[in-house]
Every structure is written in structure tokens, then in C-alpha cells.
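Here the structure is laid out as C-alpha cells; the discussion comes afterwards.
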Amino acid sequence: MSCENDRVLPNIVLIGFMGCGKSSVGRRLAALTGHRFVDTDELVAQSEGCSIPEIFARGGEEAFRDIEEKVLADLVGVAGIILATGGGAILREANREAMKKIGTVAWLDADPDSLFERATRSNRRPLLQTENPQKTFDDLLALRRPIYEAAADFRFDSTGLDHDEVARNILDQTMRLRARF
Ligand code: S3P
């Protein structure tokens, strides 16, 4: 990626609830743009040398959030990236500020039923390992929706679209937004 291209195409930060497809769409965006794909969950796991469920089991959610905040802060100033963030990364003000500095923030949304189905396909999401995952999911989504809205430069509803279509739309919207400034 040339410096010239970095100036034309900003970093893109993907936010959204568990199961919205941030990592899959992020990889496609990286392929489309030549930017490097970065995933905060992967960086958190790498920095601790263990999986996200293990980090939650050892230190609880707060321990995970502290590492997540550090990982995001370290990405401020890095150019040429497509960044997928964990679904709860928007919860901390410091993270929302870091995201704005990193790039254009796109909220990847979908209808709640498909989000729930995708988020619970595997057991790798500690927050949904409860007695009533549907209620936990509903409560978390209700709490977070306004925060995604406030944190994002734009929202994109991916319901019914494949990852390639979503990636192309996010890129289009990012470039349109960019052209306005
Ligand atoms: C979380 C979402 C997960 C991961 C962690 C916490 C959340 O990432 O960061 O389990 O609070 O919503 P995904 O959104 O990629 O599943």
C-alpha cells in the first residue's frame, strides 16, 4: 500500500454486536482495499497467550476490557488497516475516542434473530454462556444499540446480504463520507 493510497483510503473500524460479521467482512474489506486486517480480539488473545474465554475465566470481563483498551490505544496512529473490534469495545469512552482517531467507524448491524443465531453458533463467547442466552442477548443488545449509534460514523444493515456485498457497501459509504470532507 502506497502512502498516496493511504491518504485516499482511510482506515475503517468495524463495530457491532457479536455475530454481525465484523471479522469476515473485515477480511473481505482488507482484500478489496489492500489494507491490513486487524482484529482486536486476536490482539488481546495474542498479548495474553490464551483464548478470550480463558481470559474471562481467569480475570473476568474487566480484565478483558483493560487489555482491549490497551490494544485499541496502541492502534491510534497506525495507517492502512481494517479493524474489527469486539462487540463490547464501544462500552468504554476511551475506546470510542480511540476508534474515531483510528478511522471511519462503521456500525455493522443486522436483524436480531440472525445476530442471535450467529452469535450462539459456537460457545466461544463467554458473555452468552448463561442460563438464558436469549434474554442475555436481548438485554445486551438493548443496552448497546444506542452506544453503537453514537459511536458510529454510519450504520449499515447487512441483513440478507453476503459478506462480499456488505464489504463493498461499507467501502462505498466510507468513500462517500470521505468525499464530503
Ligand atoms: C464481546 C464480544 C466478543 C469478544 C468478547 C466480548 C462483547 O467479540 O470481544 O467475547 O462484549 O460483545 P465478537 O463481537 O467478535 O464476538
Side-chain angles (χ1 to χ4, degrees), residues 11-30 36-75 81-99 102-103 105-152 155-159 161-163 166-167 170:
N11 293 336
I12 300 176
V13 180
L14 297 173
I15 63 171
F17 205 77
M18 294 175 264
C20 72
K22 291 163 294 200
S23 299
S24 306
V25 169
R27 284 180 203 286
R28 279 161 180 81
L29 271 167
R36 180 165 62 96
F37 175 69
V38 180
D39 186 317
T40 58
D41 281 348
E42 280 174 16
L43 293 179
V44 168
Q46 270 168 26
S47 83
E48 294 303 288
C50 61
S51 69
I52 305 289
E54 279 166 343
I55 296 168
F56 270 76
R58 284 184 201 163
E61 184 174 349
E62 281 310 293
F64 170 80
R65 298 284 169 222
D66 289 343
I67 311 161
E68 183 175 59
E69 183 175 332
K70 162 109 183 43
V71 156
L72 266 164
D74 286 348
L75 288 167
I81 58 170
I82 304 292
L83 178 63
T85 60
I90 40 79
L91 293 173
R92 290 193 177 180
E93 169 74 25
N95 293 349
R96 297 194 294 273
E97 281 170 14
M99 289 173 193
I102 292 169
V105 183
W107 171 21
L108 198 46
D109 200 12
D111 77 88
D113 287 345
S114 31
L115 284 179
F116 181 74
E117 193 273 313
R118 292 196 302 227
T120 52
R121 249 182 225 164
S122 79
N123 59 0
R124 66 170 187 88
R125 295 190 166 100
L127 290 179
L128 296 176
Q129 306 304 304
T130 63
E131 282 195 358
N132 187 344
Q134 180 72 65
K135 179 170 175 8
T136 309
F137 171 92
D138 291 344
D139 291 348
L140 277 177
L141 187 59
L143 182 91
R144 291 179 179 184
R145 274 189 153 275
I147 311 180
Y148 292 126
E149 177 136 42
R155 166 182 176 271
F156 184 76
D157 185 346
S158 66
T159 309
L161 301 178
D162 67 32
H163 294 317
V166 178
I170 298 259

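Atoms within a ligand are numbered from 1 in the order they appear, just like the ligands themselves.
Atoms of ligand 1 lying under 4.0 Å from at least one heavy atom of Arg144, given by number and element, are 7 (C), 11 (O), 12 (O). Residue contact check: Pro126 has heavy atoms under 4.0 Å from atoms 10 (O) of ligand 1. Taking a cut-off of under 4.0 Å to the non-hydrogen atoms of Leu127, the atoms of ligand 1 that pass are 7 (C), 11 (O).
The heavy atom nearest to atom 11 (O) of ligand 1, out of those in Arg65, Arg124, Arg125, Glu68, is found in Arg65.
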Determine whether Arg121 and Glu117 satisfy the following criterion, salt bridge (Lys or Arg N to Asp or Glu O under 4.0 Å), listing intermediate values before the conclusion. CA-CA 6 Å; Arg121 249 182 225 164; Glu117 193 273 313; 3.0 Å; yes

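Considering backbone and side-chain atoms alike, Gly88 places an N or O below 3.5 Å from some N or O of ligand 1. Distances between N or O atoms of Gly87 and those of ligand 1 include at least one value under 3.5 Å.
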Throw together a table of side-chain donor-acceptor distances under 3.5 angstrom for residues 56-64, partners on residues two or more places apart or in other chains.
from	atom 1	to	atom 2	distance (Å)
Glu61	OE2	Arg65	NE	3.0
Glu61	OE2	Arg65	NH2	2.9
Glu62	OE1	Arg92	NH2	3.0

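Ring geometry for Phe137 versus Phe17: interplanar angle over 60°, hence perpendicular rather than tilted (30 to 60°).
Checked against side-chain hydrogen bond (donor to acceptor under 3.5 Å, both in side chains), Asp41 has no partners two or more places apart in sequence or in another chain.
In this structure, atom 14 (O) of ligand 1 lies nearest to the protein heavy atom Lys22 NZ, 2.6 Å. Of the protein's heavy atoms, Asp41 OD2, 2.8 Å lies nearest to atom 8 (O) of ligand 1.
With values rounded to the nearest 0.5 angstrom, Tyr148 atom OH is found 7.0 Å from Leu91 atom CG.
Between Lys135 and Asp139 there is a salt bridge, since at least one side-chain N of the basic residue sits less than 4.0 Å from a carboxylate O of the acidic one.
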